[in-house]
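I have placed the structure first, in the form of structure tokens, so that the comments after it can refer back to it.
First listed ligand is number 1; within each ligand, the first listed atom is number 1. Because the structure is a prediction, the values reported are computed rather than measured.
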Amino acid sequence: MGSLIIENADLFTGVDGEVISNGSVWVSEGFVRFAGPKDDMPSDVENVERFDASGKFVMPGMTESHVHLSYNNAHPQQLNSQPLPTAMLDAVDNARVLLGSGFTSAISFGSAQGLDIPLRDAINSGRIPGPRLAASDRDLGSTGSNADGTFGGDNSKKIIADGPWAVRKAVRSLAKRRCDIVKIFLDGEALSEFAPPGVLTYSDEEVAAAVEEAHIRGMRVVSHSRSAAAVKQAVRHGVDIIGHANYLDDEAVAMLEAKREHVFVGPGIAWEIALLDRGSELGLPRDAMEQRGYQREIDETISAVKRLRESKVRVLIGGDYGLNITPHGTNSKDLEYFVDLFGMSTTEALLCATRDGGAAADPSGMVGTLEEGKFADLVVVEGNPIEDIRILQDHSRIVGVMKDGVMHCALMQRNPYIAPSEMGS
Ligand SMILES: [Zn+2]
């Protein structure tokens, strides 16, 4: 692994919102040695390749905070239904596409087929390209929870455990499989017949057991928590990353604010928006989706995110990409939602995707910003996302994605499941 200087770039280090014109990044042996104004670059650098990034924007690699790499770009009701060998191929493909789209880190929110662990290991050993993956396994939920209602009752695709000791045993089994992440369902889904948002599907004792056992064994816990009650339960017991958090009350916001150094929230809004806007293409007409509460859920999420920003709680991009209407590789669409829907500046959205996502992906602080000593994970973009955040969705503008100091080429973004007309749209 050699030494490379990327120079003459518009450089966004992700440390703050500043863009340094005429910026340089020096990368060596997989680490950032310097990132800043060209004039401050150490002058004694020898045996180094140079890449002229004139007119290009260089930024830290992004984090997809809620990924399901085996989702097969299918109809929402047919996700995870492919046979296992195909699911593995899908996951390998999707990992490559995600990396090629500028995401150098990803946090798994569940792998129904249990593919994350071998996938992560293959990525880490360099056999296949993909983001740094915080791997999970099958979802953990109680009898009658949202996990219980999924996958056509196929118990091999989730773990149903009731009672603190059963929950502990389940978490221990995930540790034995070498998971990084435990995904737990604390409440349900508007689509669910028996576990709607707001009905807690685990008792406090069970959640406490899950989180304590996971933390003892070096794993982190991510939760599906749509309602204020489920968010509060997650915060109370030390869940690390809270998914959805659509409905918040004053107490939930105050609790998140008090723990904001330790907890992250990922609204995962793409699913709701896609089902409302494009559900009719799938036989799920807009009025039916509205009746099921999706418009209300979006409206509530907008006000929830507003309050989280006021309280300086870190909000992450991403969530549940991999439907036919939200294929893998379109994950940067979330930045546009953060700007248009949540009212963020493009800079703030970019910091959510880089600095804050990186802090969630790697608690040891090695990713998310371009600073001396961090992993050399970065994206070279044609054009300036601060001026137009949507250009990150245009794969033809992703000139290169570097992970661990290795530059991957732009062909990485091609996914056989995405029609050319859909790419970047
Ligand atoms: Zn999910």
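Salt-bridge annotation for R132 and D404: present, with a side-chain N of the basic residue lying under 4.0 Å from a carboxylate O of the acidic one. Between K232 and E251, at least one side-chain nitrogen of the basic residue sits less than 4.0 Å from a carboxylate oxygen of the acidic one, meeting the salt-bridge criterion.
A distance of 6.0 Å or more separates the ring centres of Y337 and F342.
Residue H66 approaches the Zn ion (ligand 1) most closely through its N/O/S atom NE2. The atom name of the N/O/S atom in D320 closest to the Zn ion (ligand 1) is OD1.
Within the coordination shell of the Zn ion (ligand 1), defined by N, O or S atoms under 2.8 Å, H224 is absent.
Closest approach of H395 and G329 over heavy atoms only: NE2-O, 2.9 Å.
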